[in-house]
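One structure is given below, encoded as structure tokens.
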Amino acid sequence: MLLDTLNDRQREAVLCTEGPLLILAGAGSGKTRVITHRIAYLIEEKGINPWNIMAITFTNKAAGEMRERVDELVGFGSESIWVSTFHSSCVKILRRHIDKIGYDNHFTIYDTDDQKTVMKEIYKKLNIDSKQLKERSVLSVISSAKNEMISPEQLKKQAGENYGQQKIAKIYKEYQEQLHKNNALDFDDLLVKAVELFEACPDILEQYQERFRYIMVDEYQDTNTVQFRFVSLLASKYKNLCVVGDDDQSIYKFRGANIENILNYEKVFPEANVIKLEQNYRSKGNILNAANQVIRNNTTRKDKALWTDKEDGDKIHLRQYNTAYDEAEAIASDIARRVENGEYTYKQCACLYRTNAQSRMLEEKLITWNIPYKIFGGINFYQRKEVKDILAYLKTVDNARDDVAVKRIINIPKRGIGQTTLDKVQAFANQHEITFYEALMRVEEMDIATRTANKIREFINSIRVYRSKLGEFPLTEIFEDIIEGTGYKRELELEDTDEARTRIENIDELLSKLTDYQNVTEEPTLSGFLEEVALVADIDSYEENSDYVVLMTIHSSKGLEFPNVYLCGMEDGLFPSYMSITDDDPTELEEERRLCYVAITRAMDNLTVTYARSRMVRGEMQYNKVSRFVKEISPMILDAKEEGTMNLGGFGKSIGFTNSTEEKQDSSQTVKRSYGMGTSAARAAFSRNIYGGNLTGYSGSLGGFGKKSMSASELMNSGAVKKGVEKSSASLDYAPGDKVKHIKFGVGEVISIVDGGRDYEVTVQFEGYGIKKLFAQFAKLKKV
DNA sequence: CAGCCATATCTTTTT
DNA sequence: GATATGGCTG
């Protein structure tokens with residue numbers, strides 16, 4: 001029987017089918033089980049037509065899984081349930097109706113890169129200096145505005161007399177016009193336009209209200225204001241809105257997620273039922289306790305207490321290393337050992353970290369240990385140059401109004417159409433208020449050299465040929481025409497480098513994805529393919545079947561679980577991030593803590609937390625102390641060890657302390673700090689046992705991907721190693737975590753020390769003065 | 001117009 | 001350290 005496998009709370013949630021329902025589901029409490037069973041119950045017991053059920057998830061992968069699991073529970077019909085992400089739901093709706101609000105149904109979707117390209121054009125047009133106002137920051141203001149459903153006009157009003165904000169509002173307006181002209185929507189627009197559509201056309205809204213009588217939203221804590229509006233509109237007729245989430249796992253504030261949505265659900269829907277799922281089925285006792293001990297330090301959260309009836313299991317392993325290199329090495333060897341022992345398989349192990357950049361060194365070490373791995377995040381397949389180029393061709397064929405795509409490919413491969421020509425065409429387009437592509441077609445009206453004009457006509461013609469094949473020939477054939485016809489592939493083949501070969505592989509990979517799409521879809525269209533491609537997340541490609549160690553950011557790990565988890569880089573300044581520590585807004589730190597909670601609760605039976613005394617960040621050596629979150633875990637459940645502190649031998653000898661003559665010689669070339677610290681720091685560290693690495697210990701931070709380990713002499717000869725540089729500062733006799741005294745600010749605790757090249761930049765938390773960044777040379781800090 | 005070299009800035013996290 | 005940008009030269 002359907003309900004037999006559920007606990008009381010879960011069963012209650014499944015049976016509560018009518019009206020608004022909030023399910024507060026702690027980590028690992030069987031949330032997905034509840035949703036799938038609820039859907040099955042609606043269909044099997046309540047006789048609801050699957051067609052009337054909508055489930056919104058966070059990723060495509062989650063959507064696929066949900067459909068699969070419902071499929072196992074109900075005999076048939078699961079395929080007509082609408083299961084998808086917010087973004088793809090909106091796209092589906094907009095593809096049908098967006099013409100009602102003045103767009104063409106063939107709109108293209110812009111990713112972050114495209115947005116930036118548009119922004120650059122606008123900066124040119126409005127004569128804005130990108131050094132004064134960064135495109136990125138304007139885009140982020142625009143994004144937040146969209147998430148809050150603030151229009152350019154409203155933003156202008158809000159800006160009042162503030163010149164800077166007026167400027168941003170003006171850019172926002174221009175940006176929207178540009179997108180409209182290109183018949184393009186950015187990610188945020190997908191939601192905004194869907195809501196606009198519903199508000200503008202009550203008949204269309206009603207049509208969808210009738211269809212989606214039962215709506216379920218997963219990961220509700222990560223919804224933003226537009227998303228909330230979107231589901232509210234849909235649910236406003238039948239009010240069968242079931243949201244599932246955990247306020248403790250809200251980690252997408254930076255993307256506009258509004259934690260109030262879940263905290264205030266009962267205020268918005270006073271008649272709502274609330275059910276708490278507090279039994280955790282995933283983690284062993286110690287892991288769960290650690291998670292609870294961390295999260296209870298947050299002030300704004302719903303009261304709940306996760307418990308388990310599982311055994312305590314191992315304590316949390318806590319390991320400190322000298323360098324990130326040692327950390328990675330230790331993790332790799334631990335995985336190798338445990339797999340060899342038969343404790344775990346590769347795919348049961350995951351390395352989680354705060355920032356994508358941390359994956360490099362882990363990757364390198366896993367390669368040397370011959371451990372299969374896969375990295376998620378970082379550069380998405382669809383963001384690679386070659387893939388974006390080909391997609392831009394396809395977009396141009398599909399929607400020539402998309403200026404961004406046209407401009408991207410007009411000179412790829414090189415056709416001899418340069419910047420000057422492009423500027424002329426753009427000017428012509430602006431003047432006649434036509435698209436870039438239309439301007440290209442009127443090349444003879446412009447003052448452009450015949451040779452170049454002919455090249456342009458050739459380009460236009462080739463696009464025209466590809467387009468004429470649409471509908472007549474399979475999409476894959478058009479694809480192949482493009483890569484052959486333009487000479488794109490041939491150019492790469494001639495290059496004959498490893499990089500070029502990888503590019504070709506990626507293009508082939510894209511082709512096979514198109515082939516898949518064509519085979520699977522009933523009515524394959526170019527727009528359809530492009531849209532599918534625009535909305536995939538990296539995590540969507542995660543397969544449980546293949547045996548590899550998984551590397552990903554904590555953000556991407558949400559919703560997943562692994563028997564053996566390594567949580568690395570647990571250092572104050574890295575995690576919690578430096579930004580969140582120094583920010584005036586304490587909620588930033590709370591969000592980091594939630595992130596930590598998410599990380600810990602990914603682990604099922606073994607959790608290893610690691611951190612390093614020193615780490616290379618953006619080409620600078622950073623010295624950090626252990627994360628404050630680790631200190632929130634009771635020592636009773638920690639098994640703590642420091643590794644490598646005794647390995648001091650040879651440091652001084654193998655590098656050699658340099659004198660000032662050598663410094664002068666070196667100053668002609670860029671003396672990067674790549675080879676560790678200057679003499680004074682080395683001495684300071686040396687005396688404090690902070691640093692104990694040996695020479696080869698550094699090769700990790702020097703060699704990139706694919707460079708296998710080098711011997712010490714090879715390193716020296718390769719030029720990768722630069723000699724140490726004498727610092728003008730006196731040696732530092734304090735380290736992160738120490739109390740120091742400042743003449744003005746009094747006593748404070750050192751948070752981090754960054755090697756700024758000429759001097760050390762010391763961040764100190766002062767009692768009464770807050771956080772200050774000081775230069776060691778001037779600050780004259782005294783250890784107390 | 002394209003290719004080369006020097007420089008500046010970067011990083012939190014992503015649909 | 002890596003990548004995007006800008007200036008210069010052939």
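Proteins come first, then strands; the chains are lettered A, B, ... in the order of their sequence lines, and each starts at number 1. Since this is a predicted model, take the numbers as computed values, not measurements.
As judged by a 4.0 angstrom heavy-atom cut-off over every strand, Tyr252(A) is placed among residues touching the sugar-phosphate backbone only. Across all strands, Lys120(A) comes closer than 4.0 Å only to sugar-phosphate atoms, never to a base (heavy-atom distances). Backbone-only engagement by Thr421(A) is indicated by non-hydrogen atom pairs under 4.0 Å involving sugar-phosphate atoms exclusively. In this structure, Arg136(A) reaches the sugar-phosphate backbone alone: every heavy-atom distance under 4.0 Å involves primed, P, OP1 or OP2 atoms, never a base. Across all strands shown, Lys558(A) has no heavy atoms under 4.0 Å from either base or sugar-phosphate atoms. Glu591(A) comes within 4.0 angstrom of no nucleic acid atom, judged by non-hydrogen atoms across all strands. Among the atoms of the strands shown, none is found under 4.0 Å from any heavy atom of Thr59(A). At the heavy-atom level, Lys414(A) lies under 4.0 Å from the strands shown only through sugar-phosphate atoms. Note on Leu190(A): nothing from the nucleic acid sits closer than 4.0 angstrom, heavy atoms only. Nucleic acid contact class of Ser580(A) (heavy atoms, under 4.0 Å, all strands): none.
Ring orientation note: the planes of Phe529(A) and Tyr517(A) are tilted relative to one another, at an angle of 30° to 60°.
Ring centroids of Phe228(A) and Phe230(A) are separated by 6.0 Å or more, keeping the two rings apart. In summary, the aromatic rings of Tyr220(A) and Phe58(A) are positioned with their centroids too far apart to meet the 6.0 Å limit. Tyr110(A) and Phe187(A) have their aromatic ring centers separated by at least 6.0 angstrom. For Phe376(A) and His555(A), the distance between ring centers is not under 6.0 angstrom.
The phosphate of dT14(B) (OP1 or OP2) has a side-chain N or O of Asn356(A) nearer than 4.0 angstrom. OP1 or OP2 of dA2(B) sits under 4.0 Å from a side-chain N or O of Asn411(A). Taking 4.0 angstrom as the limit, Ser577(A) places none of its side-chain polar atoms (N or O) nearer than this to OP1 or OP2 of dT11(B).
Per the geometry, NZ belonging to Lys134(A) stands 7 Å off P belonging to dT9(B), to the nearest Å.
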